[in-house]
**Q** 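Here you go, one structure.
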Amino acid sequence: QVQLVESGGGSVQAGGSLRLSCAASGYTASRNCMGWFRQAPGKEREGVAVMTPGGRITYTDSVKGRFTISQDNALNTVYLQMNNLKPEDTAMYFCAAPGPYGRTFFAGCPFGNWGQGTQVTVSS
């Protein structure tokens, strides 16, 4: 059974950092697209960062230079290092992987499996 479990969210002041983790089970993360999405109140869910097999990485423009996606193959875990956080980064963050009926596309990947979400709150 595919399962994604996020951790690492919390509250931080602007300019601070957080590291989100996503432990994957039921598939090998390194052989799939793995991504991070976020959704703020009143806004659509947006793709934040994606790593494709082979290590190609895509970021949404608003986080380039501040966020880094990475993975630990031994732990089958994907990370999102978030530096220089801004209040507009406040959102629920979701780990994502392709699913059999995935229809949420970002960086060419059909995402359909989602974690439970972890809240990130950035204060001024």
Side-chain angles (χ1 to χ4, degrees):
Q1 183 177 8
V2 175
Q3 186 173 356
L4 304 171
V5 180
E6 301 105 325
S7 62
S11 181
V12 65
Q13 289 188 318
S17 298
L18 287 171
R19 190 191 195 196
L20 307 183
S21 299
C22 173
S25 61
Y27 62 92
T28 302
S30 63
R31 297 179 180 175
N32 291 274
C33 295
M34 294 295 299
W36 289 94
F37 287 70
R38 66 186 180 186
Q39 187 167 20
K43 296 184 178 180
E44 297 291 323
R45 185 177 298 183
E46 66 169 338
V48 176
V50 168
M51 178 177 287
T52 62
R56 182 172 61 85
I57 296 172
T58 300
Y59 298 101
T60 191
D61 287 345
S62 63
V63 309
K64 288 180 179 177
R66 300 188 298 119
F67 290 12
T68 303
I69 188 171
S70 62
Q71 62 186 12
D72 186 322
N73 292 338
L75 297 177
N76 207 33
T77 298
V78 179
Y79 304 96
L80 185 68
Q81 178 68 45
M82 305 185 294
N83 297 327
N84 192 24
L85 283 160
K86 303 176 180 180
E88 52 263 42
D89 295 319
T90 295
M92 185 73 73
Y93 283 71
F94 299 89
C95 182
Y101 303 102
R103 288 188 173 272
T104 299
F105 295 92
F106 184 64
C109 299
F111 292 100
N113 284 312
W114 305 90
Q116 81 285 355
T118 185
Q119 179 67 38
V120 172
T121 302
V122 185
S123 59
S124 300

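Position 1 is the first residue of the sequence; numbering continues from there.
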**Q** Taking side chain as C-beta onward, heavy atoms only, is S70 less than 4.5 Å from Q81?
**A** no
**Q** My understanding is that a hydrophobic cluster links ILVMFWY residues whose side chain heavy atoms are under 4.5 Å apart, including indirect links. Using that, what else belongs to the cluster containing W114?
**A**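 W114 clusters with F37, V50, M92, F94, F106, F111.
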**Q** Would you check if the side chain of Q39 reaches a backbone N or O of A91 as a donor-acceptor pair within less than 3.5 Å?
**A** no
**Q** Test R38 against L80 for side-chain contact (heavy atoms from CB on, under 4.5 Å), laying out the working first.
**A** CA-CA 12 Å; R38 66 186 180 186; L80 185 68; over 6 Å; no
**Q** With distance as the sole test, does T121 use its side chain to make a donor-acceptor pair with the main-chain N or O of T90 at under 3.5 Å?
**A**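 Such a contact is absent between T121 side chain and T90 backbone.
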**Q** Around Q13, counting heavy atoms of other residues, nucleotides and ligands shown, do more than 12 lie under 6.0 Å from its CD?
**A**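 12 or below, so no.
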**Q** Can you establish whether the number of heavy atoms outside Y101 located under 6.0 Å from its atom OH is more than 12?
**A**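 Atom OH in Y101 is not packed in, count stays at 12 or less.
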**Q** In Å and rounded to the nearest 0.5 Å, what is the CE to CD1 distance from M34 to I69?
**A**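 Answer rounded to 0.5 Å: 7.5 Å.
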**Q** Look at the side chain of N113 and the backbone N and O of A96, then say whether any donor-acceptor pair between them is shorter than 3.5 Å.
**A**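 Looks like no, no N/O pair under 3.5 Å.
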**Q** Say you draw a straight line from CE of M51 to OH of Y59; how long is it, rounded to the nearest 0.5 Å?
**A**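 With rounding to 0.5 Å, CE (M51) is 6.5 Å from OH (Y59).
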**Q** Between N76 and A24 (side chain of the first, backbone of the second, donor and acceptor by atom type, cut-off under 3.5 Å), is there such a pair?
**A** yes
**Q** Identify the heavy atoms of N83 and S17 that sit nearest to each other, and give their distance.
**A** OD1-OG, 2.9 Å
**Q** With a 3.5 Å distance limit and no angle check, can you tell me whether D72 reaches the backbone of A74 through a side-chain donor-acceptor pair?
**A**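 Checking the backbone N and O of A74 against the side chain of D72, a donor-acceptor pair under 3.5 Å is found.
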**Q** Using the rule that Ile, Leu, Val, Met, Phe, Trp and Tyr join whenever any side-chain heavy atoms are under 4.5 Å apart, tell me whether V2 and V5 fall into a single cluster.
**A**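 No: no chain of side-chain contacts under 4.5 Å links V2 to V5.
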**Q** Treating Ile, Leu, Val, Met, Phe, Trp and Tyr as nodes and any side-chain heavy-atom pair under 4.5 angstrom as an edge, say whether W36 and F67 lie in one connected cluster.
**A**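 Same cluster: W36 reaches F67 through Ile, Leu, Val, Met, Phe, Trp or Tyr contacts under 4.5 Å.
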**Q** Do you reckon Y79 sits in the same ILVMFWY cluster as L18, going by side-chain contacts under 4.5 Å, direct or chained?
**A** no
**Q** State whether the side chain of R66 and the backbone N or O of S62 hold a donor-acceptor pair below 3.5 Å, judged by distance alone.
**A**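 Yes, the answer is positive, given that a donor and an acceptor are paired below the 3.5 Å cut-off.
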**Q** What I'd like to find out is whether the side chain of P87 reaches to under 4.5 Å of the side chain of S123, using heavy atoms alone.
**A**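 No, their side chains stay 4.5 Å or more apart.
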**Q** Rounded to the nearest 0.5 Å, how far does SG of C33 lie from CZ of F105?
**A**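 Answer for the CZ-SG pair, F105 versus C33, is 11.0 Å.
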**Q** Could you state whether V78 and L4 fall into the same hydrophobic cluster, counting links through intermediate Ile, Leu, Val, Met, Phe, Trp or Tyr residues with side-chain heavy atoms under 4.5 angstrom apart?
**A** yes
**Q** Just wondering, do Q116 and E6 contact through their side chains at under 4.5 Å, heavy atoms?
**A** yes
**Q** Rounded to the nearest 0.5 Å, what separates atom CD in Q3 from atom SG in C22?
**A** 10.0 Å
**Q** Is K64 paired with D61 through a side-chain N to carboxylate O contact shorter than 4.0 Å?
**A** yes
**Q** Side-chain contact, heavy-atom cut-off 4.5 Å: V122 with M82?
**A** no
